[in-house]
Amino acid sequence: MTVGMFALNMSYGYFVESRAKRQFTELFGQYVPPELVDQMARNPGKYTMEGRSEELTVLFSDIRGFTSIAEGMEPRELSQLLNEYLTEMSRVIGEHRGTLDKYIGDAIMAFWGAPVGEPRHAAQAVAAAVDMQAALGPLNVRFRARGWPELRIGIGINTGPMRVGDMGSQLRKAYTVLGDAVNLASRLEGLTKQYGVGIIVGEATRQAVGGMVFRELDRVRVKGKDAPVAIYEPVGPEGAVGKPRAEELRLWQQALKAYRAGDWDQAELALFNMQRLYPQIPLYEIYAGRVARLRAHPPAGRWDGVTTFAEK
């Protein structure tokens, strides 16, 4: 009798656990990696798809020039290219415990910190972005071997308060995030083209990530926001950035300081030297062009060193 009851209890416990895991797989399996589903299934009472406000980190990525790529490929090959690309990028996001929100054509949206809480969500998102860029190398090798175009991507990341949960209509819902912090991340992705960099993170993300060297790119006002925000490019882990790169960043800070002070002579000289020393960095040429325009057409009123973007 005792043995029978024990077996019954074990069977019931296994059934309940399996059902809980199936339920979480059905709810979250398309968003989060399997190990997080397993973690959630062990304590199902902690997790819900109901909307709530949280501080999270969100990432947007986009293929540069995808319209031109699509126009130059056969539909079947384009589909194969996109499937392989999205699969590889999604794998990287999953390895860094990210929640895959959605694909928007060739774009990817993902976030960190929900449904499973993670205090290092900003650092995980930045690490994922760096590895996404690195994963393009082997992927492009395979694409070149097939005669396909190489891909380049821009990634924008931002941290802040946002609404997370199951949202949508009575016909269709999705587990996603909404809010100003999300919109800013999307804008930052678009700005990667303007600064010639692969990744841009917002000020809140920069402050939340320790152990990483960043290059400050600018202070910007993006469409839909009046307050300026500082934007940064991740350079590498502290201790892994060598002396030559550290010296480059020091010189860049001097040039940026002169630019923001409106000292066009000093900024022009510094940027001229940087273009000569680091011709492979588009940022210095971009700023040199700005200084030339500002010298020719001085800003009206007090110069605050902030760049305003009227377009998305």
Side-chain angles (χ1 to χ4, degrees), residues 57 59 61 64 92 95-96 112 119-138 152-159 184-185 188-189 191-220 228-292 294 304-307:
T57 298
L59 173 153
S61 74
R64 302 267 179 84
V92 174
E95 286 181 349
H96 290 278
W112 280 258
R120 297 183 62 255
H121 51 81
Q124 288 179 325
V126 173
V130 171
D131 284 353
M132 287 168 70
Q133 291 286 359
L136 275 182
R152 294 185 301 120
I153 63 174
I155 300 174
I157 301 173
N158 192 46
T159 301
L184 179 56
L188 297 184
E189 182 279 314
L191 290 183
T192 58
K193 296 186 289 289
Q194 302 291 336
Y195 291 87
V197 298
I199 304 169
I200 292 181
V201 309
E203 190 168 1
T205 303
R206 164 68 185 89
Q207 293 174 354
V209 178
M212 174 72 73
V213 175
F214 289 85
R215 183 204 317 266
E216 184 177 0
L217 298 173
D218 205 352
R219 288 201 294 265
V220 300
V229 59
I231 60 174
Y232 299 84
E233 174 195 16
V235 175
E238 291 180 358
V241 176
K243 288 184 179 180
R245 196 70 188 277
E247 176 64 11
E248 178 194 344
L249 295 178
R250 186 188 69 80
L251 293 174
W252 164 242
Q253 282 297 342
Q254 291 181 349
L256 190 59
K257 182 179 180 180
Y259 170 81
R260 287 178 174 164
D263 186 345
W264 309 133
D265 290 339
Q266 186 61 37
E268 186 175 59
L269 177 61
L271 290 165
F272 173 80
N273 288 329
M274 296 201 74
Q275 288 180 86
R276 179 175 54 83
L277 292 170
Y278 313 105
Q280 75 280 12
I281 306 296
L283 182 66
Y284 308 142
E285 182 180 354
I286 291 167
Y287 265 85
R290 282 189 188 179
V291 169
L294 287 165
D304 61 3
V306 176
T307 305

Q.
Tell me if the CZ atom of R260 is crowded by more than 12 foreign heavy atoms within 6.0 Å.
A. yes

Q. With a cut-off of 6.0 Å (strictly less than), are more than 12 heavy atoms of other residues, nucleotides or ligands near CD of E285?
A. no

Side chains of [X] and [Y]: does their closest heavy-atom pair fall under 4.5 Å?
X: Q207; Y: T159; value: no
X: Y284; Y: L277; value: no
X: I199; Y: Q133; value: yes
X: L283; Y: R215; value: yes
X: Q254; Y: M274; value: no
X: L251; Y: N273; value: no
X: E247; Y: K243; value: no
X: I157; Y: T57; value: yes

Grab the two heavy atoms, one from [X] and one from [Y], that are nearest each other, plus how far apart they are.
X: P228; Y: V306; answer: CB-CG1, 3.8 Å
X: R152; Y: L136; answer: CA-CD1, 4.2 Å
X: Y232; Y: R206; answer: CD1-CB, 3.7 Å
X: V201; Y: P234; answer: CG1-CD, 4.3 Å
X: A125; Y: L59; answer: O-CD1, 4.0 Å
X: A122; Y: T205; answer: CB-CG2, 4.2 Å

When rounded to the nearest 0.5 angstrom, what is the spacing between [atom1] in [X] and [atom2] in [Y]?
X: D218; Y: L256; atom1: CG; atom2: CG; result: 7.0 Å
X: M132; Y: I153; atom1: CE; atom2: CD1; result: 4.5 Å
X: I286; Y: Q194; atom1: CD1; atom2: CD; result: 8.0 Å
X: L294; Y: E268; atom1: CG; atom2: CD; result: 11.5 Å
X: I200; Y: L191; atom1: CD1; atom2: CG; result: 5.0 Å
X: I231; Y: R219; atom1: CD1; atom2: CZ; result: 11.0 Å

(Q) Quick one, E248 with I281, criterion side-chain contact (heavy atoms from CB on, under 4.5 Å). Give me CA distance, side-chain angles, the key distance, then yes/no. (A) CA-CA 11 Å; E248 178 194 344; I281 306 296; 3.8 Å; yes

Q. Does W252 reach the main-chain N or O of E216 with its side chain, forming a donor-acceptor pair under 3.5 Å?
A. yes

Q: Could you tell me whether a side-chain N or O of E203 sits under 3.5 Å from a main-chain N or O of A230, the two making a donor and an acceptor?
A: yes

Q. Should the ring pair Y195 and Y287 be called parallel, tilted or perpendicular, given that the plane angle runs from 0 to 90° and is split at 30 and 60?
A. tilted

